[in-house]
S.K.: 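Please read through the structure below; I'll follow up with questions.
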Amino acid sequence: MYKIAVIPGDGTGPEVVSEGLKVLKAVSEKFNFKYQLIHYDLGGDHYLKTGEILPDSTLEELRTMDAIYLGAIGHPDVKPGILEKGILLKTRFELDQFINLRPVKLYPGVETPLKDKKPEDIDFIVVRENTEGAYLGAGGFHKKGTPDEIAVQEAIHTRKGVERCIRYGFQYCRKRNKKKKVTLCGKTNVLTYAFDLWERTFREVASEFQDIQTDYAHVDAICMWMVKNPEWFDVIVTDNMFGDIITDLGAMIQGGLGIAAGGNINPQGVSMFEPMGGSAPKYTGKGVVSPLAAIGACQMMLEHLGEEEAAKKIEDAVMKVVRNDVKSLTAGKMGYSTSEVGDLVVKYLTK
Ligand code: IPM
Ligand code: MN
């Protein structure tokens, strides 16, 4: 019996999460596994009503779960940073979800903005460090609001944090068993301390994986190559900030935020799965956004829980929906509503 925490969150989060749960229910019946859902009302509306962000008692409960399924965090009436730091980043940090795993995979039938690129050209995964770097929140203001103001925002990179991220990348690459290549994405020509540590650690860890080819690219160059030659990549390992940026680019080349999912992974602890698109306030409640990213997050969650067959079945069903049914993944242009797309996935699953 899996205990799954569900945090639908803000904006379109609840509507896409309910499609993911619809798929979870269908697949659990087919593959005979049981789960219990524990819903948490967290996010912008809850904060505006109660002043509560993420209570410690909730965090303690989350620690006892088998997985967390999250919709979206971010509310137009709440100052940027409060909910993101208070809910999303706090959970990532406190539960030590040190990997942010983001597959970039173009399914047949999905439109990519990259001219002449086919599904066989776009199939890689970004392993983003998820608990340190610029995201740690180290720094502060001096003489705030005056002409002499100073703002410092430091990026913290620890040997332990860098090493466990890189090692995860190599292990993942071996298990993935595709091109068997790990590319380090950094900025060794400017960030000569941080990425010196990353590069040295990368070389050391790589020596334990003789079966895997290695490569290095600066982050700016990686943005070029992801557009021009995405077929070069298999596994890209990078720090938190760069990983945040390049995975939005990755989401676009795989067909957009309507299909891109990710997992915040603690291999020994509790992991959290989420669609990559944000709360999309302007589409909220209209039933026009794609639920396929949230369904993909559910697939990643099941794979993580060891329900590999069920996960594979979800992916197959999603691939059928994008090939046969939906016209586009852009909000409002699918040709179906959010819940109809969820129903289509269920239809292929149960067939
Ligand atoms: C993401 C998001 C978050 C991040 C925001 C919402 C804090 O952009 O998951 O990529 O920057 O990590
Ligand atoms: Mn992001």
Side-chain angles (χ1 to χ4, degrees), residues 7-14 16-17 20 42-47 53-54 67-104 124-139 153-157 161 165 185 219 222-223 226 236-266 270-284 289 293-294 296-298 300-301 304:
I7 308 174
D10 298 318
T12 52
V16 296
V17 158
L42 299 170
D45 289 326
H46 182 75
Y47 169 65
I53 302 179
L54 172 61
I68 304 168
Y69 187 47
L70 172 75
I73 295 295
H75 195 288
D77 302 335
V78 181
K79 187 175 174 238
I82 294 184
L83 303 169
E84 292 85 347
K85 280 185 161 179
I87 300 175
L88 191 60
L89 301 186
K90 189 171 174 184
T91 307
R92 287 176 182 172
F93 294 170
E94 290 289 329
L95 300 185
D96 205 20
Q97 295 163 340
F98 62 88
I99 297 295
N100 198 322
L101 200 56
R102 298 193 159 172
V104 179
F124 61 92
I125 189 156
V126 179
V127 174
R128 164 186 172 189
E129 201 294 319
N130 209 31
T131 51
E132 41 186 65
Y135 277 69
L136 214 62
Q153 188 110 39
E154 284 172 308
I156 311 285
H157 301 256
C165 174
C185 164
V219 62
I222 270 228
C223 291
M226 276 172 68
I236 299 177
V237 176
T238 193
D239 92 323
N240 209 342
M241 186 83 257
F242 293 164
D244 178 47
I245 297 165
I246 69 169
T247 54
D248 264 29
L249 178 54
M252 284 304 127
I253 69 173
Q254 75 176 118
L257 293 173
I259 191 113
N264 301 273
I265 311 290
N266 176 343
V270 186
S271 300
M272 174 166 72
F273 300 84
E274 50 174 334
M276 255 187 67
S279 54
K282 71 174 177 188
Y283 298 122
T284 301
V289 297
C298 176
M300 290 182 77
M301 176 169 75
H304 181 80

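Just follow the structure's listing: the first ligand is 1, and inside any ligand the first atom is 1.
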S.K.: Short list, please: which atoms of ligand 1 are under 4.0 Å from a heavy atom of Arg128?
M.R.: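 Here the atoms of ligand 1 in question are 1 (C), 4 (C), 10 (O), 11 (O), 12 (O).
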S.K.: May I ask whether Arg92 has any heavy atom positioned less than 4.0 angstrom from an atom of ligand 1?
M.R.: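 Judged by the 4.0 Å heavy-atom criterion, Arg92 does count as contacting ligand 1.
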S.K.: Checking Asn266 against Asp96: is there a side-chain donor and acceptor pair closer than 3.5 Å?
M.R.: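 No, no side-chain donor-acceptor pair sits under 3.5 Å.
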S.K.: So, taking the atom named CG in Asn240 and the one named CD in Glu132, what distance separates them when rounded to the nearest 0.5 Å?
M.R.: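 Nearest 0.5 Å value for the CG-CD distance: 8.5 Å.
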S.K.: May I ask you to identify the nearest protein heavy atom to atom 1 (C) of ligand 1, giving residue, atom name and distance to one decimal place in Å?
M.R.: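 Ranked first by proximity to atom 1 (C) of ligand 1 is Arg102 NH2, 3.3 Å.
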S.K.: With a cut-off of 2.8 Å, does Asp244 put an N/O/S atom close enough to the Mn ion (ligand 2)?
M.R.: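 Of the N, O and S atoms in Asp244, at least one lies under 2.8 Å from the Mn ion (ligand 2), which means yes.
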S.K.: Would you please indicate yes or no on a ring centroid separation below 6.0 angstrom for His75 and Tyr47?
M.R.: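 Ring centres of His75 and Tyr47 not closer than 6.0 Å.
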S.K.: Nearest 0.5 Å, please: how far is CG in Leu257 from CG in Asp248?
M.R.: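 Reported to 0.5 Å precision, the distance equals 6.0 Å.
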S.K.: State the CD-CE distance between Glu274 and Met300, to the nearest 0.5 angstrom.
M.R.: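 Spacing of CD (Glu274) from CE (Met300) equals 10.0 Å.
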S.K.: Looking at Met272, is its backbone amide N or carbonyl O close enough to the side chain of Asn264 to form a donor-acceptor pair, meaning the two atoms are under 3.5 Å apart?
M.R.: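 Yes; at least one donor-acceptor contact below 3.5 Å.
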S.K.: Relative to the heavy atoms of Tyr135, which atoms of ligand 1 are at a distance of less than 4.0 Å?
M.R.: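 Result: 4 (C), 11 (O), 12 (O).
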S.K.: Look at atom 7 (C) of ligand 1 and say which protein heavy atom is nearest, naming residue and atom and giving the distance to 0.1 Å.
M.R.: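 The answer is Glu84 CB, 3.8 Å.
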S.K.: Looking at atom 8 (O) of ligand 1, what's its closest protein heavy atom, distance included?
M.R.: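 For atom 8 (O) of ligand 1, the nearest protein heavy atom is Asp244 OD1, 3.3 Å.
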S.K.: Heavy-atom contacts under 4.0 Å between Leu88 and ligand 1: side chain, backbone, both, or neither?
M.R.: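 Near ligand 1, Leu88 shows its side chain, while the N, CA, C and O stay back.
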